[in-house]
Amino acid sequence: QGAEVLLVDVSARAVTSTQRTLNANGYTDTECVLSCGTTEVQNRTFDIVVTNPPFHTGHSVDLDVAQNFIEGAARILRKGGYLYLVANAFLKYGHWLEENFTETNIAWENKHYKVWKSTK
């Protein structure tokens, strides 16, 4: 409550679906933006970014989207802001997070998933 929320997705279908869901639940002031990563929100700053980036291209593992999003998140977060990244446990995002953020640790994990928390 009280937070200003902006949602971003690369899929036009996901953006349309999300906006309809928000409207149906009374969140008419919440914005959902069609964007490849953070490109459409580069002129804004944020306190917190939360993501679960895709890592597939077809049936192959492709980490380019996640790397791009991590770098973009570092640009749009204010100093002291946080990135929370949800990922399958086997994905190796730690080095990119450490390259782009002051502090990175695992906020939560089990044998299947990790939630990385990085501070700018």
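Predicted, not measured: the structure shown is a model, and the values here were computed from it.
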Could you measure the distance from the OG1 atom of T119 to the CG atom of L77? Nearest 0.5 Å is fine.
9.5 Å

Once you round to the nearest 0.5 Å, how far does OG1 of T45 lie from CD1 of I76?
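It comes to 9.0 Å.
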
Which heavy atom in [X] sits nearest to a heavy atom in [Y], and how many Å separate them?
{"X": "A73", "Y": "V49", "value": "CB-CG1, 4.3 Å"}
{"X": "G72", "Y": "T38", "value": "CA-OG1, 3.3 Å"}
{"X": "L7", "Y": "T18", "value": "CD1-CG2, 4.0 Å"}

Within 6.0 angstrom of F101 CZ, more than 12 heavy atoms from elsewhere:
yes

Decide if atom CG of N110 counts as having more than 12 heavy atoms of other residues, nucleotides or ligands within a radius under 6.0 Å.
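Enclosed.
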
Expected list for residues 61-69: side-chain donor-acceptor pairs under 3.5 angstrom, two or more places apart:
| residue | atom | partner | partner atom | Å |
| --- | --- | --- | --- | --- |
| D62 | OD1 | D64 | N | 3.0 |
| D62 | OD2 | T57 | OG1 | 2.8 |
| Q67 | NE2 | E71 | OE2 | 3.3 |

Member of T28, T30, V5 meeting the side-chain contact (heavy atoms from CB on, under 4.5 Å) criterion with L22:
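Testing L22 for a side-chain contact (heavy atoms from CB on, under 4.5 Å) against T28, T30, V5 leaves exactly one candidate, T30.
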
Does one hydrophobic cluster hold both V33 and V50, with members joined at side-chain heavy-atom distances below 4.5 Å?
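No, because V33 and V50 fall into different hydrophobic clusters, even though each may have its own neighbours under 4.5 Å.
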
Suppose we screen for side chain to side chain donor-acceptor pair (under 3.5 Å). Which residues come up paired with T39, at least two apart in sequence or across chains?
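Applying side chain to side chain donor-acceptor pair (under 3.5 Å) to T39 gives S35.
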
Could you give all pairs that pass the ring-ring contact (aromatic ring centres under 6.0 Å, His included) test and reach residues 7-55, with sequence neighbours left out?
F55-F90

Kindly say whether [Y] contributes a backbone atom to a donor-acceptor pair with the side chain of [X] at under 3.5 angstrom?
{"X": "K114", "Y": "A87", "result": "no"}
{"X": "S17", "Y": "R13", "result": "no"}
{"X": "K117", "Y": "A107", "result": "no"}

Sorted by first residue and then second, give each salt bridge (Lys or Arg N to Asp or Glu O under 4.0 Å) pair with at least one member in residues 32-61; sequence neighbours left out.
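Listed once each, the pairs are E31-R44, D47-R78.
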
Output side-chain donor-acceptor pairs under 3.5 Å for residues 91-100, partner residues at least two apart or in another chain, one line each.
| residue | atom | partner | partner atom | Å |
| --- | --- | --- | --- | --- |
| H95 | ND1 | K92 | O | 3.3 |
| N100 | ND2 | W96 | O | 2.8 |

What's in the same ILVMFWY side-chain cluster as V10, cut-off under 4.5 Å, chained through other members?
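Listed partners: none, V10 stands alone.
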
